[in-house]
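Ligands are counted one by one from 1 in listed order, and the atoms in each one are counted from 1 as well.
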Amino acid sequence: MKKRVTKYLVALMKTSEPVRIQFTKGRVLKRESHFIEDPLGEETKFSPVKGLVHKYTNRVLFKVSYRCAAHCQFCTRFRQIGSPEGDLSDLDVRRCLAYIKKHKEISDVILSGGDPLVTLPKTEYIFDNLLKIDSVKVIRIGTRLPIVLPARILSPQMTSFLRKVRLADKNRAIYILVHVNHSDELTPQALRAFRFLQRFVRNVGTQTVFLRGVNDSYDALENLFQSLYQKGIRPYYIYRCDPVFGVGRFIMPFRKEKKIMAELHRKRAGLALPAFVVDAPNGSGKIPVDLNFWENSRTLIDFNGKLIKI
Ligand SMILES: *Cc1c(COP(=O)(O)O)cnc(C)c1O
Ligand code: SF4
């Protein structure tokens, strides 16, 4: 993956170490030699047509491209991001739409990538056509644009797309999920972009990745999730960083991640807590992490460490 940042990020990286680390190239660790490039099986096992990952019966991931405004150096799609290999031709897009239309069991489509809001015309075309498929009840848009290029969210082209999204959100549910990892990313510009999105859709949420040197403490995540929650933004998932070749230096000790999440459960509202999941390396999906609140199937360990039978 090449280095790529926006002007906006260059400025932010000067004042914020957690932001700087995420976009700076680093060395590959020895123990990464056994990591593979596609641990989630996205390109092989689960891709019925180019552009789609169909792993769960009722929902599908639609990879609009591998283009992003900035390159996060811990990305699960480390090898692909920035390359043209994920660009979809008009025929590819039609094939994806036909697959979704044919498979009536798919009710939930996740527009992803890359960043679907970076290739806006293509995403808009896909979005318009998904609205014509009655079996699609939920559309999610996963993006990092409010964090890496917030001004783009307020652009006339985006505004015109968001007006369509607002209309669509009346008959079905549209979710916008923003990837954010640290409260330093919530600058006045980024928060303005979030508020702007909230004018158009009811559900704006976030996704986060545990990252060494970025958000590897209780305080960092507490700060992030409280800030989001207090702005009406719902943290959805926090992931363990996938063991993809090239990102090893970002992976945290699993025990530490569990300890931080358990402490957040003890101290903060459930609505301010994302679900902690591991995307299983054999491609079987996002598995919730056990936070050790149970001694056995009938005995829980309460927040003071006391055993209680249910
Ligand atoms: C994450 C993901 C989804 C969505 O999972 P949810 O738990 O519904 O958010 C769907 N398909 C693929 C391939 C995914 O990786
Ligand atoms: S925005 Fe998302 S897809 Fe793009 S490089 Fe960052 S983590 Fe990867």
Side-chain angles (χ1 to χ4, degrees), residues 1-6 9 19 21-25 38-48 51-83 86 96 100 103 105-119 136-150 152 173 175-182 185 203 205-211 214 234-242 244 246-247 250 274-289:
M1 181 194 273
K2 285 208 191 103
K3 182 179 169 175
R4 183 181 165 94
V5 289
T6 57
L9 277 179
V19 175
I21 294 170
Q22 294 182 64
F23 298 97
T24 306
K25 291 205 77 69
D38 180 27
L40 309 181
E42 289 184 342
E43 287 165 87
T44 48
K45 266 206 270 183
F46 300 105
S47 185
L52 293 186
V53 185
H54 194 188
K55 203 183 266 189
Y56 307 105
T57 312
N58 76 331
R59 45 217 201 277
V60 75
L61 196 75
F62 201 136
K63 294 190 288 182
V64 178
S65 81
Y66 286 131
R67 313 270 180 188
C68 295
H71 294 172
C72 314
Q73 294 298 323
F74 50 84
C75 182
T76 296
R77 307 194 179 108
F78 183 84
R79 186 182 59 78
Q80 297 97 328
I81 295 302
S83 92
C96 291
I100 294 167
H103 289 259
E105 70 276 19
I106 299 173
S107 57
D108 188 344
V109 177
I110 301 142
L111 300 179
S112 175
D115 193 321
L117 295 186
V118 167
T119 48
V136 174
K137 310 293 186 196
V138 176
I139 301 172
R140 305 186 228 172
I141 301 169
T143 181
R144 193 144 160 72
L145 215 52
I147 302 301
V148 297
L149 192 54
R152 182 71 68 80
Y175 288 75
I176 297 184
L177 292 166
V178 179
H179 174 173
V180 53
N181 299 320
H182 191 276
E185 292 166 43
N203 295 296
T206 58
Q207 311 195 74
T208 298
V209 186
F210 262 116
L211 298 168
V214 174
R234 176 80 166 89
Y236 176 42
Y237 272 142
I238 183 163
Y239 302 95
R240 178 160 167 78
C241 188
D242 291 320
V244 176
V247 313
F250 288 104
F276 179 24
V277 294
V278 172
D279 220 337
N282 56 3
S284 40
K286 297 179 180 71
I287 309 296
V289 174

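Assignment of R140 to the shell around ligand 1 is supported, since a heavy atom sits closer than 4.0 Å.
Under 4.0 Å from ligand 1, not a single heavy atom of F46 appears. Only the side chain of H179 comes within contact range of ligand 2, with a heavy atom under 4.0 Å; no backbone atom does. At a heavy-atom cutoff of 4.0 Å, ligand 1 is contacted by the side chain of K286 but not by its backbone.
Among all protein heavy atoms, the one lying closest to atom 6 (Fe) of ligand 2 is C72 SG, 2.4 Å. In terms of protein heavy atoms, atom 6 (P) of ligand 1 is closest to Y236 OH, 3.5 Å. At the shortest separation from atom 4 (Fe) of ligand 2 among protein heavy atoms lies C68 SG, 2.3 Å. Regarding atom 8 (Fe) of ligand 2, its nearest protein heavy-atom neighbour is C75 SG, 2.3 Å. Ranking the protein heavy atoms by distance from atom 13 (C) of ligand 1 puts V53 CG1, 3.5 Å first.
Of the possible donor and acceptor atoms, none in the side chain of T206 sits under 3.5 Å from a partner among the backbone N and O of V178.
Against a heavy-atom cut-off of under 4.0 Å, R59 is close to the following atoms of ligand 1: 5 (O), 6 (P), 7 (O), 8 (O). Interface atoms of ligand 1 facing I110, defined by a heavy-atom separation under 4.0 Å, are 3 (C), 4 (C), 10 (C).
The existence of a salt bridge linking R59 and E105 is excluded, since no basic side-chain nitrogen approaches an acidic carboxylate oxygen closer than 4.0 Å. Ion pairing between D108 and R140 holds under the 4.0 Å rule for side-chain N and carboxylate O.
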Margin query: Please determine whether side-chain contact (heavy atoms from CB on, under 4.5 Å) holds for the pair Y239 and Q207, giving the CA-CA distance in whole Å, both sets of side-chain angles, and the decisive distance to 0.1 Å.
Written below: CA-CA 8 Å; Y239 302 95; Q207 311 195 74; 2.5 Å; yes
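When Y175, Y237, F62, Y56 are checked for heavy-atom proximity to atom 7 (O) of ligand 1, Y237 turns out nearest.
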